[in-house]
2 protein chains.
Amino acid sequence: MRADAQRNRDRIVEVAREVFREQGYDASLDLVAKRAGVGAGTLYRHFPSREVLVDAIMQSWVDRVTEATDKVLAFEGSDRDLLLRWFETYVELITLHKGGAAKITCAMGDEESPIRTKCQVLSGAAARVIGLLAERGAVRTDVDAVQVCRLVGGVATVADTSELGPDQVRPLLEVVADGLVVRG
Amino acid sequence: MRADAQRNRDRIVEVAREVFREQGYDASLDLVAKRAGVGAGTLYRHFPSREVLVDAIMQSWVDRVTEATDKVLAFEGSDRDLLLRWFETYVELITLHKGGAAKITCAMGDEESPIRTKCQVLSGAAARVIGLLAERGAVRTDVDAVQVCRLVGGVATVADTSELGPDQVRPLLEVVADGLVVRG
DNA sequence: GAACGATACGGAGACTGTCTCCGTTTAGCA
DNA sequence: TGCTAAACGGAGACAGTCTCCGTATCGTTC
């Protein structure tokens, strides 16, 4: 890629992250282009669709999910609390940008989605958590990582669109957690 | 209301139901107006926003939820199966129109929403189901009807946007159901 | 360091959807 | 049969998406 093209690409991603954080994922792409100081053509050449641009933006916080998952896996406490803690982390991270939760959850399991690599990172993280708990015999094994992401992502989507606070989300996550841990 | 106005209003609702079923809730309102044989002005006079139109459309299937709930309440089987059966009914009905699940779930608990009356019917139905089960001591009592609607609505939203079939939705609902029934 | 071809730029403008304004029409009453 | 309030409808202002193509720039080659 030519140096000027790379510069423009980077700049667009940076500005888009800012604009999307301010206005949500529905923000005007022409505005993003204008703020980035490039023409609409340049933006659309680099990012043929909104989804592709979103994908580029998501890269950074997908990395944060991996990090956060490491931290949660090291948690010493009850299995249910570990699961719940990961749920809360997950919801917090995917609702960082308005509309993000719906986007990522909707794409979950879709092999054709432009953001499938991000979904894979997330479901991979989920797999590590439920894998650990399954080893300990703490959670049911008939539900896979993608399904867990759909469940928690569903809650996250509702939390995002209804603007629920952590206190309102927690009981919902508790139900999901209780549904996953094996009956004692 | 003048007779011609009433006629037009009814016709718009009827056509909108059709168009939304075909194309989802994002369909062009001008198209609805055109198909209904009225001007855009007429449509917007009757329905100042898309939400208000959606509200009018939803009336009929909210009635169906009430009906379906009656049927489920008469179900003779295990408590968990009754709950699960109601979940499936709920998901089926609110995903009848593409985008409907997200709309209704997002508005759940919002006193200002134009479709709040519909949400109240749905959470009322949920209250009847979990009320019955709570009486029998079959479900936890720290989760209210709105929360149940949010949980199941979250699953429905994911099912809708990811176009999941009943077989893919069922395990998710099972987790939620298991999280709600009291531990044995 | 000049010339040149490939690559990238940018913004005008076509297209689509939302919503309003206002001149025209019509229902329904007296 | 007239009158008036109510309702109609569609042109058009506005906003967002996305494309096309003339222009500018990069970076390579000699």
Side-chain angles (χ1 to χ4, degrees), chain A residues 1-58 97-100 102-103 106-107 112-115, chain B residues 1-58 97-100 102-103 106-107 113-115 161:
Chain A
M1 187 183 297
R2 242 168 65 173
D4 56 339
Q6 184 66 57
R7 253 197 319 274
N8 274 328
R9 193 183 189 286
D10 292 348
R11 177 139 184 70
I12 289 167
V13 171
E14 191 186 327
V15 169
R17 203 193 316 269
E18 220 175 273
V19 172
F20 285 176
R21 180 152 20 223
E22 280 171 28
Q23 312 191 8
Y25 281 111
D26 294 332
S28 156
L29 295 186
D30 275 19
L31 171 68
V32 172
K34 188 171 281 181
R35 272 216 215 167
V38 302
T42 301
L43 186 149
Y44 283 97
R45 197 171 328 99
H46 286 297
F47 307 101
S49 77
R50 176 181 233 95
E51 289 290 294
V52 178
L53 178 53
V54 168
D55 184 59
I57 288 174
M58 284 177 168
H97 300 288
K98 201 153 181 51
K103 247 184 180 62
C106 153
E112 306 296 311
S113 168
I115 58 173
Chain B
M1 186 181 301
R2 243 167 65 172
D4 58 339
Q6 184 65 56
R7 252 199 319 276
N8 274 328
R9 192 182 189 288
D10 292 348
R11 176 139 185 71
I12 289 168
V13 171
E14 191 186 327
V15 169
R17 203 193 317 270
E18 218 176 273
V19 172
F20 286 175
R21 177 147 30 217
E22 279 171 28
Q23 310 191 10
Y25 282 109
D26 293 333
S28 157
L29 295 186
D30 274 20
L31 171 68
V32 172
K34 188 171 281 181
R35 273 216 214 165
V38 303
T42 301
L43 186 148
Y44 283 97
R45 197 170 331 97
H46 285 297
F47 308 101
S49 77
R50 176 180 234 97
E51 289 291 295
V52 178
L53 177 54
V54 168
D55 184 60
I57 288 174
M58 284 177 168
H97 299 289
K98 203 154 180 48
K103 248 188 179 64
C106 154
S113 169
I115 57 174
T161 52

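Sequence lines set the chain letters: A, B, ... in the order given, protein chains first and strands last, and positions in each chain run from 1.
A heavy atom lying under 4.0 Å from DNA chain C marks none of the residues of residues 11-22 of chain B.
Between B:H46 and the phosphate of D:dA7, there is no side-chain N or O to OP1/OP2 separation shorter than 4.0 Å. For the OP1/OP2 pair of D:dA7 and a distance below 4.0 Å, the side-chain nitrogens and oxygens of B:N8 include no atom meeting the criterion.
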### nucleotides 24-30 of chain D: protein proximity per nucleotide (B base, S sugar-phosphate only, - neither; heavy atom, under 4.0 Å)
-BSS---

### Message
I'd like to compare against my own output: the B/S/- annotation of nucleotides 13-21 of chain D with a strict under-4.0 Å heavy-atom distance to protein.
### Response
---SBBBB-

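Nearest heavy atoms, B:A56 versus B:F47: CB-CE2, 4.0 Å. Among all heavy-atom pairs drawn from A:R35 and A:R11, the shortest one is O-NH2, 3.6 Å. The two atoms that bring A:Y25 and A:M58 nearest to each other are OH-CE, 4.2 Å, heavy atoms only. Residue A:I115 comes nearest to A:K103 through the heavy atom pair CD1-O, 3.8 Å, listed as atom of the first residue, atom of the second, then distance. Taking both residues in full, the closest heavy atoms of A:L31 and A:V19 are given as CD2-CG1, 4.2 Å, listed atom of the first, atom of the second, then distance. In this structure, B:A33 and B:G39 approach most closely via the heavy-atom pair CB-O, 4.0 Å.
For the atom pair CZ (A:R7) and CE (A:M1), the distance works out to 12.5 Å, reported to the nearest 0.5 Å.
Inter-residue side-chain proximity for A:V38 and A:H46 is flagged as unmet; no heavy-atom pair is nearer than 4.5 Å. Under the 4.5 Å side-chain criterion, counting only non-hydrogen atoms from C-beta, A:Y44 is not in contact with A:L53. Put simply, the side chain of A:R9 does not reach to within 4.5 Å of the side chain of A:I12, judged on heavy atoms.
Between the CD atom of A:Q6 and the P atom of C:dT7 there is a distance of 16 Å, given to the nearest Å. One interatomic measurement links the two molecules: CG of A:L43 to P of C:dA12, which rounds to 17 Å at whole-angstrom precision.
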